[in-house]
Enquirer: 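If you scroll down you'll find the structure; I have some questions about it.
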Amino acid sequence: QDIPANKYGLKVVSDLALYQRMVAKDANMRMVNLETLIPGIKKDIRYATANNFTKQQLYRQALVFLRLPVAKALLEAQRELNRLGYGFKIFDGYRPYEVTEKMWAIVPDDRYAANPANGSGHNRGAAVDLTLIYLETGKEVVMPTDFDDFTEKAYHNYPLKDSAVAANRGLLKTIMEKHGFTALETEWWHYFFRDHKKYPLMDIRFEELDKR
Ligand SMILES: C[C@@H](N)C(=O)N[C@H](C)C(=O)O
Ligand SMILES: [Zn+2]
């Protein structure tokens with residue numbers, strides 16, 4: 001498929017018809033609304049509110065889309081977590097490219113936000129931001145920092161005095177790695193799915209993807 005290049009020379013799919021043709025050719029390209037695969041999955045989509053580091057509402061809908069194989073891997077990981085008494089809470093999945101541009105304008109530091117000249121794993125529907133909750137109470141486990149805390153305390157190698165918090169961070173990493181995800185060293189909440197670069201960057205809004 002011929003994907004047009006943007007001002008950085010990056011191929012970004014911004015046309016719904018093109019995306020649909022790609023899905024028709026390869027079902028693994030489909031962006032799945034996570035709730036259809038994991039009904040009741042807990043979410044805290046701060047980018048659909050002004051309560052995020054940009055202080056702007058970036059999404060009109062509090063939805064999570066991921067490519068089909070990524071969503072399926074997350075379902076398997078969630079099943080395993082459930083057996084241990086935990087579940088996931090999702091902060092973000094697929095993120096339209098235009099949102100990455102807005103984030104970069106505020107935090108131009110690629111330890112914490114993707115440079116639009118490269119694009120983000122989120123723009124590919126192949127990265128997810130998430131934490132753990134206790135199944136019984138629905139409450140989040142204590143992690144080293146809040147989501148999108150752009151300090152060294154959010155690094156995986158940050159030495160933690162509290163062994164329970166270290167165990168929580170470690171459990172999330174162990175489960176995610178077992179199911180095909182790789183951690184971002186500077187953000188405990190961010191995971192890439194395997195071969196994420198094989199999924200093209202996209203700039204299509206949730207409203208378009210969610211049309212039946
Ligand atoms: C902004 C933060 N939640 C995040 O996802 N950062 C990575 C580096 C990204 O933008 O891809
Ligand atoms: Zn992320």
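We're numbering straight along the sequence, starting at 1. In listed order, ligands and their atoms are each counted from 1.
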Enquirer: Heavy-atom contacts with Tyr112 under 4.0 Å: which atoms of ligand 1 show up? List them by number with element.
Expert: 1 (C), 2 (C), 4 (C), 6 (N), 7 (C), 8 (C)

Enquirer: Under a 4.0 angstrom heavy-atom cut-off, which atoms of ligand 1 come close to Trp189?
Expert: 3 (N)

Enquirer: Just by modelled atom types, is the Arg30 backbone N or O under 3.5 Å from a matching donor or acceptor in the Arg67 side chain?
Expert: no

Enquirer: For atom 5 (O) of ligand 1, what is the nearest protein heavy atom, given as residue, atom name and distance?
Expert: Arg95 NH2, 2.9 Å

Enquirer: Give a yes/no on ligand 1: does Ala127 have at least one heavy atom closer than 4.0 angstrom to it?
Expert: no

Enquirer: Side chains of Glu80 and His179: do they bring a donor and an acceptor to under 3.5 Å?
Expert: yes

Enquirer: Before we go on, tell me: are the rings of Tyr86 and Tyr134 under 6.0 Å apart, centre to centre?
Expert: yes

Enquirer: Would you say the ring centroid of Phe150 lies under 6.0 angstrom from that of Tyr112?
Expert: yes

Enquirer: Main chain of Tyr59, side chain of Gln57: is a donor-acceptor contact present, judged purely on distance under 3.5 Å?
Expert: yes

Enquirer: Going by heavy-atom distance to atom 3 (N) of ligand 1, choose the closest among Val128, Asp148, Asp109.
Expert: Asp148

Enquirer: Which bit of Asp129 is near ligand 1, meaning a heavy atom under 4.0 Å away: side chain, backbone, both or neither?
Expert: side chain

Enquirer: May I ask you to list the atoms of ligand 1 that are less than 4.0 angstrom from any heavy atom of Tyr47?
Expert: 1 (C), 2 (C), 3 (N)

Enquirer: For atom 4 (C) of ligand 1, find the nearest protein heavy atom and state the residue, atom name and distance (0.1 Å precision).
Expert: Glu187 OE1, 3.4 Å

Enquirer: What atoms of ligand 1 come closer than 4.0 angstrom to any heavy atom of Ala114?
Expert: 8 (C), 9 (C), 10 (O), 11 (O)

Enquirer: Should the pair Glu177-Lys173 be classified as a salt bridge under the 4.0 Å nitrogen-to-oxygen rule?
Expert: yes

Enquirer: What's the OD2-the Zn ion (ligand 2)-ND1 angle here (Asp129, His190), rounded to 10 degrees?
Expert: 160°

Enquirer: Scan Asp146, Asp148, Asp129 and name whichever one has a side chain to side chain donor-acceptor pair (under 3.5 Å) with Arg46.
Expert: Asp146

Enquirer: List every atom of ligand 1 that sits less than 4.0 Å from any heavy atom of Ser120, numbering the atoms from 1 in the order shown and giving each element.
Expert: 9 (C), 10 (O), 11 (O)

Enquirer: If the plane angle is over 60° it's perpendicular, under 30° parallel, otherwise tilted; pick one for Phe53 and Tyr47.
Expert: perpendicular

